[in-house]
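Below, each value reflects all heavy atoms present in this structure, side chains not excepted, and no hydrogens, waters or symmetry copies. All chains are named by letter (A, B, ...) in the order of the sequence lines, taking the proteins before the strands, and each is independently numbered beginning at 1.
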Amino acid sequence: MLLTIKNLSVRIKGQEKAGPIIADVDVQIRPNEIVAVVGASGSGKTTTGLAVMRLLDPALGVTAGKIILEDQQDLLALPASEMNRIRGSKISMVFQDPLSAFNPVLTVGYQIDEVFKYHTSHPGKRIRSMTQEWLQRVGIPEPQRVYHSYPHQLSGGMRQRAMIAMAMALQPRLIIADEPTSNLDVTLQARILELFQELRETQDVSILFITHDLGLVKRLCDRVYVMNKGRVIESGKSTEVFAAPRESYTQQLLKAVSV
Amino acid sequence: MLLDLKNIKKYYTVKKGSLFQQRVMVRAVDDISLSINAGENLGLVGESGSGKTTLGRVILKLFPATSGRFYFQDQDMTRPGRDQLRRFRQSVQMIFQDPYNSLDPRFTIRRSLAEALVLERPVPKKTDRDIRMRDILSAVGLVGDILDRYPHEFSGGERQRIAIARALMLRPRLLILDEATSSLDVLIQEQILDYLRRLQSEFKLTYLFISHDLRVVKKICSRVAVMVQGRLVEWGPASAVFENPLHPYTRQLMTAALEYRTGIQDLKIRWPDKSDLIDKGNGHFVLDY
Amino acid sequence: MSWVGMVILGLLYTGAIFADFISPYSYRDENRDYSYCPPTPIRVKDRDGRWQWPFVYGVTMRFDQYYRRVYEIDETQKYPLKIFIRTEPYKIFGLIPGSRRLFGVEDPGRLYLWGADARGRDLFSRILYGGRVSLFIGLIGVSISFTIGLIIGGIAGYFGGRIDNILMRICEMFMMVPGFYLLLALRAVVPPDFNSVQVFVSIVVILAFIGWAGLARVIRGMCLSLREREYVLAAKAMGQSDLAIILKHILPHTLSYSVVAIMLSIPSYIIMESALSLLGLGIQDPFASWGNLLSEAMGIVQIKFAPWILLPGLFIFLSVMAFNVIGDALRDYWDPRFKTGQRNL
């Protein structure tokens, strides 16, 4: 098992009376698997993803649970310096809005290089060629030009692909993608979804795909977890869940995305 | 015919570059001819940059078109006089995409709804106003203490419903929905679509549904028009366009939106000289490709 | 910190408004026998150490060998402090007659809380009266320049295009002119036979006409982006007139910036007036303003032998600081906290 989230509960610090943000969440991700966490806004799906990366808002606190990576270490128990080493190299994240995820005053290439510089000791030239290789692999047509461009000079689709390149740079075992296609046009969206599928097939990587749109992940994911009000209410192999959803909430979601 | 657009164009110049500014002409809407009949729902689809939002705002008369003719309820509204414009504004309203900004956050709901009555003659009395507001709010499923609250106290879906209520205060004939469901979760989208269907028969509305989300368009629209780069490439009955898309761009759009697959990579659209659409029978028109 | 500022301003403005009542003397009440008399402390114990009702010792003046004035405390003369003392009649704001003051001493005793100036006028009283000019010049000036700035900025930002261009060029012309020199030049144009009130008004008007440009530019920038908001488009689609949209939808959203800008620019009016009066071009004797009072402190002789004469400067400092502190606090209160809100959970 690549990642096991067990009994995870998160609440706002100091607000015991208000309910928890997420409670008793169990998620399992195997190697080379695409797992979808689906729910409405406020269901806790993003909190779950951020908790894995230990990037939760400082106002929130984990009150229970473990997040076990590769059946070995509990990410929640690691010291901050260890976690820093894992972020980017073993687990990385792709966010919803690529424009705000990139630093606007630095070129895209520089920012992807930074990932290499922080985690490896390769020489500069080698880093540059690796970055450009990844830009090409995610389907960016002119990697050299994009390498030297600033985020605002690229189209939305290119930016998102650059962000995926940055996430893939050190060949992590898990990518957490939080609504990665919400700001994109449908054709771009389809391309990014296909890119994820390609990555799953050619690289040794799993993807945790967080979204509110069940339709997006129907074809893409192997397993699905449905969240509502902070809890996982249904989960299983996607073919089974979509064919015979048990919970009425899941049925409603499926009906909403039927075409 | 409720709305009839003939050869509408909206061009504007944009300065590109930071120091040496070149003037570039943007053809946001490039020779569009389109018509909507009362009671039918037209879906206007396209990706960002297609010009569909600009076309929507031209129809709403937020700004004038560069050229073309505009007929509403069989009257020439290309350059309306003051009274004509006033009646037009009462007949055509728009629901916007962003529920967080479509209501002024400093206005109470009552004040936002009351703003819709600014054009009404004779000016309705205060007591009548409140009754009307409550009636319309309950038609969109909002009951209870709503009027004295502020937009931030409501969720995105509720705010969209309030925006719909505001539009309905004027008793319009045509309601333009500009990506009205795009910022909402899928379940809330369903809910809003439900309300829209119910309101349509109750208030005798016609919808112009502008969206890039074909799934939603398929659920509510009887006719569909596809726009790319300011031009219309295909239109017709929803069943025809969805099941048998003719133009390569439409086909690519359908595959991406409904099957989440990419179709043709690097699609190059051939723009013929004439922008007239060819009739393929059954009301299904396509641009020559 | 901002509470401190608000308290200070509260005290200063109360003092200024009720100067007639609070100060022991009128601003023009002079007694040349007591020129540059040092402060007369209010005592509660007499020389035997017994508690007494607050009083003031008399002061005698004699000339020393260099014909300089030397003031000595004469403990034989005791003048008790009187509350609600009856004095010469005066008129609050020139309208409401009154004849009592909060505290003072009977003649021939003199109560110089903070010392006397060259003509024997009580500095404490003069500072209170001076506050009227210095403090209110800011308020009045700001209300004029901000009204102009908001309207012009709002129109330029909302309409854009040519109107925006023209208005902004006019704005820049105003901003180009070095403010202080323009002030001097315009002041020279004011007829010399204006009485002090008219001079005051004309100074305010002049300052206001210079000051609107900076605000107009910022408001215009804000309006340019605000006009694209959906609620503005909705209002247009519902038939609201442009003027109504600017007044009801756009300008209220610039409020958070505007109020802070107002708070932070009042001090510059206070300082401008002080500078002008210091040079003798503003409020003239016998009327008092803090800048005017400071002009009497421009000689080394005065500062060395009558250092209390510099006190008006402290008041200018205090009021400017108070406005700045409150302005900062308002800005902090309005901006980040409202924008953080809830993170995407």
Side-chain angles (χ1 to χ4, degrees), chain A residues 34 36 38-43 45-46 96 139 141 150 152-153 155-157 161 179-198 209-221 226-229 247-259, chain B residues 16-18 45-50 52-53 97 99-100 155-157 179 181-194 211-220 226-229 238 242-243 248-267 269:
Chain A
I34 299 188
V38 182
S41 34
S43 59
K45 54 190 197 303
T46 304
Q96 176 173 0
Y150 288 91
H152 65 267
Q153 294 175 314
S155 71
R161 278 187 269 183
E179 306 262 23
T181 57
S182 304
N183 291 347
L184 301 176
D185 278 334
V186 276
T187 41
L188 286 171
Q189 185 176 268
R191 247 178 250 186
I192 298 286
L193 292 175
E194 284 187 352
L195 176 59
F196 278 133
Q197 205 156 25
E198 225 183 87
F209 199 108
I210 303 176
T211 178
H212 71 95
D213 187 343
L214 199 49
L216 280 181
V217 291
K218 253 174 93 169
R219 253 178 30 100
L220 188 68
C221 64
V226 179
M227 281 184 79
N228 187 18
K229 299 207 178 88
E247 298 289 326
S248 67
Y249 187 75
T250 319
Q251 289 166 5
Q252 281 178 40
L253 280 178
L254 276 174
K255 177 166 171 286
V257 299
S258 62
V259 277
Chain B
K16 278 206 125 166
S18 42
V45 301
E47 301 195 295
S48 45
S50 58
K52 57 192 196 302
T53 302
Q97 170 172 10
Y100 296 93
S155 70
E179 305 274 11
T181 54
S182 306
S183 321
L184 306 169
D185 280 341
V186 283
L187 284 181
I188 313 280
Q189 280 181 7
E190 278 294 288
Q191 194 187 43
I192 300 280
L193 287 178
D194 246 353
S211 179
H212 67 269
D213 188 345
L214 283 155
R215 193 178 59 203
V216 171
V217 167
K218 195 171 180 206
K219 292 190 193 200
I220 196 168
V226 182
M227 267 180 87
V228 186
Q229 291 174 34
F242 276 103
E243 266 138 55
Y249 179 77
T250 318
R251 287 211 294 267
Q252 186 185 56
L253 203 61
M254 295 291 166
T255 329
L258 302 174
E259 296 168 47
Y260 303 100
R261 284 190 302 116
T262 56
I264 316 153
Q265 300 271 6
D266 294 326
L267 179 70
I269 303 176

Can B:Q252 and A:T187 be counted as having a side-chain donor-acceptor contact under 3.5 angstrom?
no
Taking B:H212, B:K218, B:K219 one by one, which has the highest count of heavy-atom pairs under 4.5 Å against chain A?
B:K219
Please determine, among A:L184, A:L188, A:V257, the option with the most heavy-atom pairs under 4.5 Å with chain B.
A:V257
Which distance, rounded to the nearest 0.5 Å, do you find between the OG of A:S43 and the CG of B:L187?
10.5 Å
Side chain proximity check, B:Q189 to A:D213, heavy atoms < 4.5 angstrom:
no
A:H212 and B:L184 have their tightest heavy-atom pair at CE1-O, 3.7 Å
Under the side chain to side chain contact (heavy atoms under 4.5 Å, CB included) test, which residues partner B:R261, sequence neighbours left out?
A:E194, A:R219, B:T255, B:E259
Can you tell me how far apart CG (B:D213) and CD (A:Q189) are? Round to the nearest 0.5 Å.
8.5 Å
Which pair of non-hydrogen atoms, one from A:D185 and one from B:S48, has the smallest distance, and what is that distance?
OD2-OG, 2.6 Å
Ignoring hydrogens and geometry, is there a side-chain-to-backbone donor-acceptor pair from B:D185 to A:A40 under 3.5 Å?
no
Any heavy-atom pair between the side chains of B:V186 and A:L214 that's under 4.5 Å?
no
Taking side chain as everything from C-beta outward and backbone as N, CA, C, O, which of these in A:K255 sits under 4.5 Å from a heavy atom of chain B? Side chain, backbone, both or neither.
both
Would you say that A:L220 contacts B:Y260 through its side chain, given a criterion of any heavy-atom pair below 4.5 Å between the two side chains?
no
Which region of B:L214, side chain (C-beta onward) or backbone (N, CA, C, O), has a non-hydrogen atom less than 4.5 Å from a non-hydrogen atom of chain A, or is it both or neither?
neither
Check whether any side-chain heavy atom of A:Q252 sits under 4.5 Å from a side-chain heavy atom of B:E190, and report yes or no.
no
Quick check on A:L253 against chain B: is it the side chain, the backbone, both or neither that has a heavy atom closer than 4.5 Å?
both
